[in-house]
Amino acid sequence: MIKDFGGKVAVITGAASGIGRGLAYGFAKQGMNIVLADIDKENLVKVAKELEEIGIEVMTQLTDVSDPEQVAQLADASYKRFGTVNILCNNAGVGGAGSISLVTLENWKWILGVNVFGVIHGIQYFLNRMLASNEQCHIVNTSSMAGLLSGDNSSYPTSKFAVVAISESLAFDCFNTNVGVSVVCPGRVNTNIIKNTYTFRQNRPGVWLPPAEMIKQSEIGRENLNRILAGAMTPEKLAELVIKAIKNDIFYVLTHPEYIPLVKSRFERINEDALKLYEGIEIKSEQKSKIFKNDSPTFSITYPESFIELKPNPMNLPEVKPVFVAAKEPSIDLLISVIKSSKYGRPLDESVNEIVRRIEDIAREINISSNEPITLRDGTPAYESVIEYKYLGIFPVKSIHLSVLKDEHLIVISIYANANYYNENFRDILYSLEF
Ligand code: NAD
């Protein structure tokens with residue numbers, strides 16, 4: 001988590017105008033050195049001059065984010081000049097084109113190229129360097145409220161939903177690393193997006209080909225949107241919120257809380273439609289069971305048939321030898337791992353406490369709701385630990401673990417689930433363990 005921005009380095013795409021420019025100012029005022037990237041050379045130079053007056057180091061790099069080579073060059077040049085990059089804002093973007101029936105393929109390619117591939121290219125060329133740096137870093141992707149609420153603007157929300165999805169995946173990948181992730185979903189902000197998108201479109205053959213009547217209507221729409229944007233949140237205010245999000249490791253940066261009821265109603269509609277689909281269908285609760293047996297050390301566990309055994313074993317945990325992994329939709333994993341007890345060489349309680357301590361060290365915001373000795377059905381002494389992770393990636397996760405010493409091995413049987421799916425049956429599964 002970056003708490004102190006002074007002397008650190010930020011790279012911002014789409015920095016010659018609007019939100020990008022606002023972010024550059026916000027970071028510069030915190031004492032950061034800035035790399036400004038954009039396709040608009042004239043305004044790029046202007047913003048750089050303004051920022052230099054604050055007394056920080058500024059570099060400009062003409063970059064079309066839809067071109068992977070140019071983003072690779074941006075990364076090379078930034079690391080060459082400053083030796084490190086702490087914050088990357090994948091912010092460059094262009095506006096939508098209206099009704100889906102009128103949007104040309106060229107338009108789709110252009111908007112997805114800038115708004116989606118621009119973000120992908122940024123991640124591609126900066127992420128691994130950030131991870132390898134061991135410095136505190138943060139990637140900020142600019143999506144939009146249109147990344148959570150699609151509306152009628154076709155290619156634009158499509159691109160912004162993709163940015164939310166990429167960011168969520170990135171947050172999983174970067175969990176517990178030195179790289180934080182945020183996705184910014186603003187409502188309206190007072191920028192040049194309408195004017196810029198219009199100008200860019202004029203220079204791109206085939207990007208905008210609606211009938212004359214539609215062009216007229218869109219001019220009126222554009223004027224009205226410009227009026228609305230003129231009274232909207234300033235990029236400076238938005239930058240303050242982004243800085244707060246980085247400092248507090250906030251993932252979803254919903255800068256316009258007045259939209260939250262709309263986001264909720266989208267989820268209510270999803271729920272309502274799902275219930276309609278299942279009306280009258282009886283969901284079977286009867287559960288058949290399978291038995292997993294392990295030869296050395298010998299134990300068996302009975303688990304519901306709805307768990308699918310995973311082969312080859314996908315877990316990649318250092319020091320732990322997973323002997324069995326099964327998964328169940330949605331997102332519930334059963335994991336049996338065997339650890340040579342000589343690794344700890346201590347009684348069960350001390351070994352378990354050592355493992356729990358390690359989890360506490362690496363996981364953020366966990367709550368150990370129980371960690372105590374118990375006895376299995378067949379009388380074997382064991383240890384039960386229940387751990388709640390506020391977030392694993394972007395979701396809350398709850399896990400239950402039974403640990404047993406057998407034949408010089410520490411056997412840990414765990415079930416991990418999204419906290420919404422955690423239930424007491426998990427405990428029954430683990431307690432079916434027999435030696
Ligand atoms: P803006 O037009 O003022 O600034 C966008 C900048 O991106 C411009 O300087 C432009 O030259 C640059 N750009 C466009 N295509 C580029 C490319 N291929 N490569 C590099 N730079 C390119 O608009 P803005 O509103 O500041 O937009 C910034 C981001 O905010 C966009 O991703 C936009 O979708 C998003 N957003 C804006 C609003 C809003 O109301 N303004 C709301 C939600 C999200």
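We count ligands from 1, going down the list as the structure has it; atoms in each ligand are counted the same way.
Sequence neighbours left out, not one pair with a member in residues 256-265 passes side chain to side chain donor-acceptor pair (under 3.5 Å).
Side-chain contact between L148 and L254 is present, with at least one heavy-atom pair separated by less than 4.5 Å.
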Tell me, with the steps shown, if F5 and K247 meet side chain to side chain contact (heavy atoms under 4.5 Å, CB included).
-> CA-CA 9 Å; F5 286 39; K247 287 187 174 172; 3.6 Å; yes

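Shown here are the side-chain contact (heavy atoms from CB on, under 4.5 Å) partners of Q202, two or more places apart in sequence or in another chain: Y198. Evaluation of the side-chain contact (heavy atoms from CB on, under 4.5 Å) rule for T142 yields N91 as partners, not counting sequence neighbours.
If you look at ligand 1, the protein residues with a non-hydrogen atom under 4.0 Å away are G14, A16, S17, G18, I19, D38, I39, D40, T63, D64, V65, N91, A92, G93, V94, V114, T142, S143, S144, Y156, K160, P186, G187, R188, V189, T191, N192, I193, N196, F200, L229.
The side-chain contact (heavy atoms from CB on, under 4.5 Å) with T60 is formed by just one residue from the set V47, L51, L44, I34; it is L44.
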